[in-house]
Structures are given as structure tokens and as C-alpha cells.
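Bear in mind that the values here come from a model prediction, so they are computed numbers and not experimental data.
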Protein chains: 2
Amino acid sequence: MSLDPKVASRLKRTPDGLVPAIVQQYDTGEVLMLAWMDDEALHRTLTTGRATYWSRSRSAYWVKGDTSGHVQHVKSVALDCDGDTILLKVDQVGAACHTGDRTCFDADPLPLSWNPA
Amino acid sequence: MSLDPKVASRLKRTPDGLVPAIVQQYDTGEVLMLAWMDDEALHRTLTTGRATYWSRSRSAYWVKGDTSGHVQHVKSVALDCDGDTILLKVDQVGAACHTGDRTCFDADPLPLSWNPA
């Protein structure tokens, strides 16, 4: 079993064979995190309903929540117009971020030097 | 003028000096697109209020909407917990995607082989 060749043929990968996956809470729209998938991680995500990534730091597959319990149940998966980004809508159990924050973007807003309307 | 050194020191860049930027409509939560920034593109985005990227295909800065009119007015910018992804909330004028779709993820949902609850 491997990724459907029709899907695989549409993917544009980085030189190390990965595609970035944007992970969004399906109902609130919160952007939770960015992770990376190779073909096998995408295949597992599409066929198991559990968000599965390639960990660049550990060089291993990573089923989100297997260690932390903070599982992501997959609701939908889409490719972008260029085939080089994946959008994953999930139902996130608990915190998405390893810091304990709900999303990986909660802690570090950057200052803007004009006044947004 | 260049990127604030305090911000620059927190960025983790790809080997080609880029950071992926997730672009989200600030009020509806739609994920519009993924683009790439180098330090200068982030600096311009933070100081002008117009979303500015590095185009990998054209090797040039790209002020979103300068050609199409489909401008992105920046509402907020945040770094993720690892400093390797940017989340940009914008007010998107018109279509975000060059295909004319509102988002770059509208056209290509992938089939799931289980039944999501």
C-alpha cells in the first residue's frame, strides 16, 4: 500500500521530498501548526484519519498525539493550486503545540510599525 | 533599514534563507495560501502593511496584488513556537489564488478512505 499515484503525481516536493502541511481546526478556523509530510505520511493520513507527519528533527514518522494524547482527527485534506502545500482540517484534542498552547502561533506576535485599520 | 535583529535572531530559515508564511483571512479564518519570506520580505510586510513575499519561481520580491489588484492588507503577524513558520492574518481583496479562486485550496480536495465523523 502506498500513496495513490494520481495524488503522488500532483505533489511538488522540496529537495528532501517533503510538502508543508497547514493544520487548521475544522470548526473554529484556528491555524494550529505547520508540519511536513512525505508521500507515506500523506498516505497514512488519508487512510487512517489520524494526522501523520514526517518529523525532520527526529527523522521518523510522527502520529500526532501518540505520545502527548493530543490527537488530530482528520476532517478533510486538500492540495493547493500548485500541488506544493497541503491543508489539513482536523479536530484537535487539547493543545496542538508542544508548549501547551492551543496553537503554535499564540506566544509570539510580531510588532507592526504602522497602525492596522 | 532592515529586519529588527531581535526578530531576525528568532527565525529558523530553510537552506535557501526562507520561512513559509501561512496567509489567513483575518475575519472568516479561511486559509488563503502559503507563500515564502526572506528577512527583507518580512521586514517590508511588518513596516508597510502590504503582504510582501519572495517569489521562488521569479527570484524577486512580490507585493501581493501589485499586478492583479488582489491586495492583502496585513492585520497581524506571528511567529510559531520554533521560529520556522509565520502566520499572517490579512484582509484579502478579491481572489487570493492566481486561478481566480478565493483560496488556493478550493479546487483540489483529496479523497479520504474512511468516513470522517
Side-chain angles (χ1 to χ4, degrees), chain A residues 4 6-7 10 14-16 20-31 33-35 42-43 45-50 56-57 73-91 97-99 101 103-117, chain B residues 4 6-7 10 14-16 20-31 33-35 42-43 45-50 56-57 73-91 97-99 101 103-117:
Chain A
D4 181 341
K6 282 178 296 193
V7 175
R10 276 136 69 199
T14 60
D16 45 0
I22 301 167
V23 191
Q24 183 178 34
Q25 173 67 27
Y26 81 105
D27 50 359
T28 65
E30 292 161 291
V31 173
M33 54 186 276
L34 186 91
L42 178 56
H43 174 66
T45 297
L46 291 170
T47 54
T48 66
R50 286 281 305 280
R56 295 180 301 172
S57 55
H73 297 287
V74 177
K75 296 292 189 175
S76 68
V77 182
L79 267 187
D80 81 342
C81 54
D82 294 323
D84 63 10
T85 306
I86 293 162
L87 177 62
L88 207 63
K89 295 191 184 184
V90 304
D91 194 9
C97 191
H98 71 283
T99 62
D101 283 340
T103 93
C104 291
F105 300 96
D106 291 350
D108 207 354
L110 297 183
L112 309 177
S113 64
W114 82 100
N115 187 26
Chain B
D4 180 340
K6 282 179 295 193
V7 174
R10 276 137 70 199
T14 61
D16 44 0
I22 301 168
V23 191
Q24 183 178 34
Q25 174 67 27
Y26 81 105
D27 50 1
T28 64
E30 292 161 291
V31 174
M33 54 186 275
L34 186 92
L42 178 55
H43 174 67
T45 297
L46 291 170
T47 53
T48 66
R50 287 282 304 279
R56 294 180 301 173
S57 55
H73 298 287
V74 177
K75 296 291 188 176
S76 67
V77 182
L79 266 187
D80 81 343
C81 54
D82 295 324
D84 63 9
T85 306
I86 294 163
L87 177 61
L88 205 63
K89 295 191 183 183
V90 303
D91 194 8
C97 191
H98 71 282
T99 63
D101 283 340
T103 93
C104 290
F105 300 96
D106 291 349
D108 207 354
L110 298 182
L112 309 178
S113 63
W114 81 98
N115 187 27

Side chain, backbone, both or neither of [X] within contact of chain A (heavy atoms, under 4.5 Å):
X: B:T48; value: backbone
X: B:V31; value: both
X: B:D106; value: neither

Using heavy-atom distances under 4.5 Å, tell me whether [X] contacts chain B through its side chain, its backbone, both, or neither.
X: A:T99; answer: side chain
X: A:D4; answer: neither
X: A:T45; answer: backbone
X: A:T28; answer: neither
X: A:V77; answer: both

Next on the checklist: So if I apply the side chain to side chain contact (heavy atoms under 4.5 Å, CB included) rule between A:I22 and each of B:V23, B:L87, B:I22, which one comes out positive?
Outcome noted: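 So the option named by the test is B:I22.
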Checklist entry - Is there side-chain contact between B:I86 and A:L110, with heavy atoms separated by less than 4.5 Å? => result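 A side-chain contact is absent here, since even the closest heavy-atom pair is not under 4.5 Å.
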Checklist entry - Do you know which two heavy atoms are closest between B:P111 and A:L46, and how far apart they sit? => result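 Looking at all heavy atoms of both residues, the shortest contact is O-CD2, 3.6 Å.
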Checklist entry - What are the two closest heavy atoms between A:S76 and B:L112, and how far apart are they? => result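 Shortest heavy-atom separation between A:S76 and B:L112 comes out as CA-CD1, 4.2 Å.
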Item to check | Charged N-O contact under 4.0 Å between A:R56 and B:D82 | outcome: no
Checklist entry - Among B:E30, B:M33, B:H98, B:R10, which has the most heavy-atom pairs under 4.5 Å with chain A? => result B:R10
Checklist outcome for this item: Scored by heavy-atom pairs under 4.5 Å with chain A, the best of B:G49, B:P20, B:G29, B:A107 is B:G49
